[in-house]
Novice: 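Below is the structure I would like to discuss, written out as structure tokens.
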Amino acid sequence: MADKPSIPKGTRDFTPLEMTRRNHIFDTIRKIFKTYGYLPIETPAMEHLSSLMGKYGDEGDKLLFKILNSGDFKNKLSDDELATIPAGKLGTMISEKGLRYDLTVPFARYVVQHRNEIVFPFKRYQIQPVWRADRPQRGRYREFYQCDVDVIGSDSLLNEFELIRIMDQVFSVLGLKVVIKMNNRKVLTGIVEMIGEPDRMIDVTVAIDKLEKVGLEKVMLELEQKGLKRDSIKRLAPVLQMEGSSLKKMKFLEGYLEGSHIGEEGLSEISQLFGLMENDPAEAEFELDLTLARGLNYYTGSIFEVKSAEVQIGSICGGGRYDDLTGIFGLDGVSGVGVSFGADRIYDVLLQLDRFPRKDEMDTQLLFVNFGQREALHIFPILGQLRKNGIASELYPDVAKMKKQMSYANARKIPFVALVGEQEIEDGVITLKEMETGNQERLTPDQLVDRLS
RNA sequence: GUGGAUGUAGCUCAGUUUGGUUAGAGCGCUGGAUUGUGGUUCCAGAGGUCGCCGGUUCAAGCCCGGUCUUCCACCCCA
């Protein structure tokens, strides 16, 4: 016997039940995206490596899946040439394509490439898989779907507001309690300016991000080890120790960031957004979280992250504003903002909480028992009538024992079974059995359609 | 990428400590009791080269090494 077949690490097969549930998530999200006026696009699974590299930081580059060039690479080079290839250079010589890491960067590429046909501001949504060479765990896969919504070509904060509304609506419709966290990169920039370490943005945000996990002392120690001046750390301390409501935090920052132009600008954006939210409150908890930094280094303004309030699984949605992502592809001065829903994690959360709707899980509504050729011929027109009326129905393909056919209906969770034998044909009726109750009734084809519509 | 666990029937798991003849259970599956009635019950049956490769041994599911998978922490994030 050959070895059992398998699939690569971090990838998954989806069963019919799983697909039904996944589609429930995709359908819900897609429907909401549409009602806000977003348009669908798709981009290829692979991009030029040059489009992907350097957009996600050093860590991100390592997590890119690279595609080996086709053809015999070695053949084109002499042994001498081969031997003189510098270490680490080989990769770029034998691979020029990679699998997409997210949908935002390919979108930026798309916008630049199609700039002449796009009507700005361009609102698009995109639901496709992405790939990351991460080490898999629960809620962390090497192939997973993202559902992105972005607006590009508009600086207005109303876009941020709209995205918050979308996030709130998606999770409310899916029946999940979530916390929507927001922050602003400009405020973080303001903070590092105020403490006199304008170049240490990354170190400081990473440290702030760890605050909840490791505590104040360890964070300060780490900053010291990273070479931050003692004086700077001292000035950062009040930010780290800040507690209380979003409103209180904003009050504090008002004083703290005084004099930092960019910091004040970020704070003003935050308070405007909170103002809009106050006028039209979200169902979800909505809060300012200064420890929210987000790694993807193209964000420049608002940043968002959504976490489940009921299941611990990391963020299930995230995003932010990027002022110059298209600049890398040669189109300057176009600002965008967007968020990405992690369908696979949302699936895990819904599964754990058992919140998938039951009604989606049955497809076929009616099964005709197969008594034989003559009866089957009689049934086909009735099947046609049912299907034209949108009632999913099927005839058991084999003339099997009744017990077997009933068991099939049972296993498939088909709610109704129709019996059409000699007697029924003669009387022009169908015996309809409701599986749950066991009740049976005799109906004409028209009555049957009415009954199941 | 770093550290730590895990893998026995379709599924959930015993058995591994002290290596020793045919590897177990429950659920599921197949058939029958019930040849136009499923879910309950009863009876019978099928199904495993103990993740894979190698080593130690007279003998390995059990000990050792490697490898893959899944999971946990870090990292990062969806």
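In what follows, every chain begins at residue 1, and chains take the letters A, B, ... in the order their sequences are listed. Side chains are part of it too, since the values below use all heavy atoms of this structure and drop only hydrogens, waters and symmetry mates.
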Novice: Quick check: any donor-acceptor pair below 3.5 Å linking the side-chain of A:Glu424 to the base of B:rG36?
Specialist: yes

Novice: Please pick, from B:rA33, B:rG36, B:rG31, the nucleotide with the shortest atom-to-atom distance to any side-chain atom of A:Leu419.
Specialist: B:rG36

Novice: What is the distance, to the nearest angstrom, from the CD1 atom on A:Ile127 to the C1' atom on B:rA78?
Specialist: 14 Å

Novice: How far does the P atom of B:rA25 sit from the matching atom of B:rA60, given to the nearest Å?
Specialist: 25 Å

Novice: Applying the Watson-Crick and G-U wobble criteria at under 3.5 Å, what pairs with B:rU49? Answer none if nothing qualifies.
Specialist: none

Novice: OP1, OP2 of B:rG38 versus side-chain N and O of A:Lys403: anything below 4.0 Å?
Specialist: no

Novice: Classify the side chain of A:Gln137 and the base of B:rU70 as holding, or not holding, a donor-acceptor pair under 3.5 Å.
Specialist: no

Novice: Among side-chain atoms of A:Gln447 and A:Arg451, is any donor-acceptor pair under 3.5 angstrom?
Specialist: no

Novice: At under 4.0 Å between heavy atoms, what does A:Tyr141 touch on the DNA or RNA strands: base, sugar-phosphate, or nothing?
Specialist: base

Novice: Rounded to whole angstrom, note down the P distance from B:rG51 over to B:rA44.
Specialist: 31 Å

Novice: Give one of base, sugar-phosphate or nothing for A:Glu143, where a contact means two heavy atoms less than 4.0 Å apart.
Specialist: nothing

Novice: Let me know the distance between NZ of A:Lys9 and C1' of B:rU67, rounded to the nearest Å.
Specialist: 11 Å

Novice: Of all the choices, B:rC71, B:rU37, B:rU69, which nucleotide is nearest to the side chain of A:Arg138 once you look at every atom?
Specialist: B:rC71

Novice: Under 4.0 Å between any heavy atoms, over every strand shown, what does A:Lys433 touch: base, sugar-phosphate, or nothing? Just pick one.
Specialist: base

Novice: Quickly work out the A:Arg132 CZ to B:rC75 P distance and round it to whole Å.
Specialist: 17 Å

Novice: Pick the closest RNA chain B nucleotide for A:Leu63 and for A:Lys404 by heavy atoms, then say which residue is nearer the 5' end.
Specialist: A:Lys404

Novice: Could you work out the separation of B:rC50 and B:rC11 based on their P atoms and round it to a whole Å?
Specialist: 16 Å

Novice: Would you classify A:Gly10 as touching base, sugar-phosphate or nothing, given that sugar-phosphate means primed atoms plus P, OP1 and OP2, and contacts are heavy atoms under 4.0 Å?
Specialist: sugar-phosphate

Novice: How many whole angstroms separate atom CZ of A:Arg22 from atom P of B:rA78?
Specialist: 17 Å

Novice: Just to verify, which of A:Glu441, A:Gln423, A:Glu424, A:Gln440 counts as forming a side-chain hydrogen bond (donor to acceptor under 3.5 Å, both in side chains) with A:Thr431?
Specialist: A:Glu424

Novice: What distance separates A:Glu143 CD from A:Arg132 CZ, expressed to the nearest 0.5 Å?
Specialist: 13.0 Å

Novice: So what does A:Glu436 hit on the nucleic acid, given a heavy-atom distance under 4.0 Å: a base, only sugar-phosphate, or nothing?
Specialist: base

Novice: Any donor-acceptor pair under 3.5 Å between the side chain of A:Lys401 and the base of B:rU35?
Specialist: no

Novice: Atom CG of A:Asp134 and atom P of B:rA73: how far apart are they, to the nearest Å?
Specialist: 14 Å

Novice: Can you tell me the pairing partner of B:rC63 across any strand shown, Watson-Crick or G-U wobble, with both distances under 3.5 angstrom?
Specialist: B:rG55

Novice: Is any side-chain N or O of A:Arg140 under 3.5 Å from a base N or O of B:rA78, one able to act as donor and the other as acceptor?
Specialist: no

Novice: Rounded to whole angstrom, note down the C1' distance from B:rA33 over to B:rU17.
Specialist: 47 Å

Novice: Grab the CG-P distance between A:Asn439 and B:rU37 for me, whole Å please.
Specialist: 17 Å

Novice: B:rU70, B:rG1, B:rG36: which one has an atom nearest the side-chain heavy atoms of A:Met402?
Specialist: B:rG36

Novice: What interatomic distance, in whole Å, is found between P of B:rU16 and the corresponding atom of B:rC53?
Specialist: 24 Å

Novice: From the set B:rU37, B:rG31, B:rA78, return the single nucleotide nearest to any side-chain atom of A:Phe144.
Specialist: B:rA78

Novice: Can you check the distance between B:rU67 and B:rU30, where both ends of the measurement are the P atom (answer in whole Å)?
Specialist: 42 Å

Novice: Where the side chain of A:Met406 is defined as all heavy atoms beyond and including C-beta, which of B:rG38, B:rC72, B:rA78 is the nearest nucleotide?
Specialist: B:rG38

Novice: Tell me whether A:Arg22 forms a cation-pi arrangement with A:Phe14, defined as NZ or CZ under 6.0 Å from the six-membered ring centre and within 45 degrees of its axis.
Specialist: yes

Novice: What do you reckon, are the aromatic ring centroids of A:Phe341 and A:Phe171 less than 6.0 Å apart?
Specialist: yes

Novice: On a whole-Å scale, what distance lies between the C1' atoms belonging to B:rG55 and B:rG1?
Specialist: 31 Å

Novice: From the list B:rC72, B:rA78, B:rA33, which nucleotide is the closest neighbour of the side chain of A:Arg345?
Specialist: B:rA78

Novice: Mind checking if A:Gly139 touches a base, just sugar-phosphate, or nothing, with heavy atoms under 4.0 Å?
Specialist: base

Novice: Of A:Lys62 and A:Phe341, whose nearest nucleotide on RNA chain B comes first from the 5' end?
Specialist: A:Lys62

Novice: Hydrogens and angles aside, do A:Tyr299 and A:Asn183 bring a side-chain donor and acceptor to less than 3.5 Å of each other?
Specialist: no

Novice: Please report the distance, rounded to the nearest Å, between CD1 in A:Ile303 and P in B:rC77.
Specialist: 11 Å

Novice: Quick one: A:Glu426 CD to B:rG36 C1', roughly how many Å, whole number?
Specialist: 16 Å

Novice: Once you apply the 3.5 Å cut-off to both distances, tell me the Watson-Crick or G-U wobble partner of B:rA44, or none.
Specialist: B:rU30

Novice: With no hydrogens and no angle check, just 3.5 Å: does a side-chain donor-acceptor pair link A:Gln126 and A:Tyr110?
Specialist: no

Novice: Of all the nucleotides listed (B:rG38, B:rA78, B:rG3), which has the minimum atom distance to the side chain of A:Arg135?
Specialist: B:rG3

Novice: Say you pick atom C1' in B:rC68 and the same atom in B:rU22; how far apart are they, in whole Å?
Specialist: 31 Å

Novice: Less than 3.5 Å apart, any donor N or O on the side chain of A:Gln128 or A:Asp148 sitting next to an acceptor on the other?
Specialist: no

Novice: Using only heavy-atom distances, determine whether the side chains of A:Asp398 and A:Tyr408 contain a donor-acceptor pair under 3.5 Å.
Specialist: no

Novice: Looking across every strand, which nucleic acid part, if any, lies under 4.0 Å from A:Gly438 by heavy atom: base, sugar-phosphate, or nothing?
Specialist: base

Novice: Now, which nucleotide makes the Watson-Crick or G-U wobble pair with B:rG1, with each of the two distances under 3.5 Å?
Specialist: B:rC74

Novice: Please name the nucleotide paired to B:rU21 by Watson-Crick or G-U wobble geometry with both distances under 3.5 Å, or report none.
Specialist: none

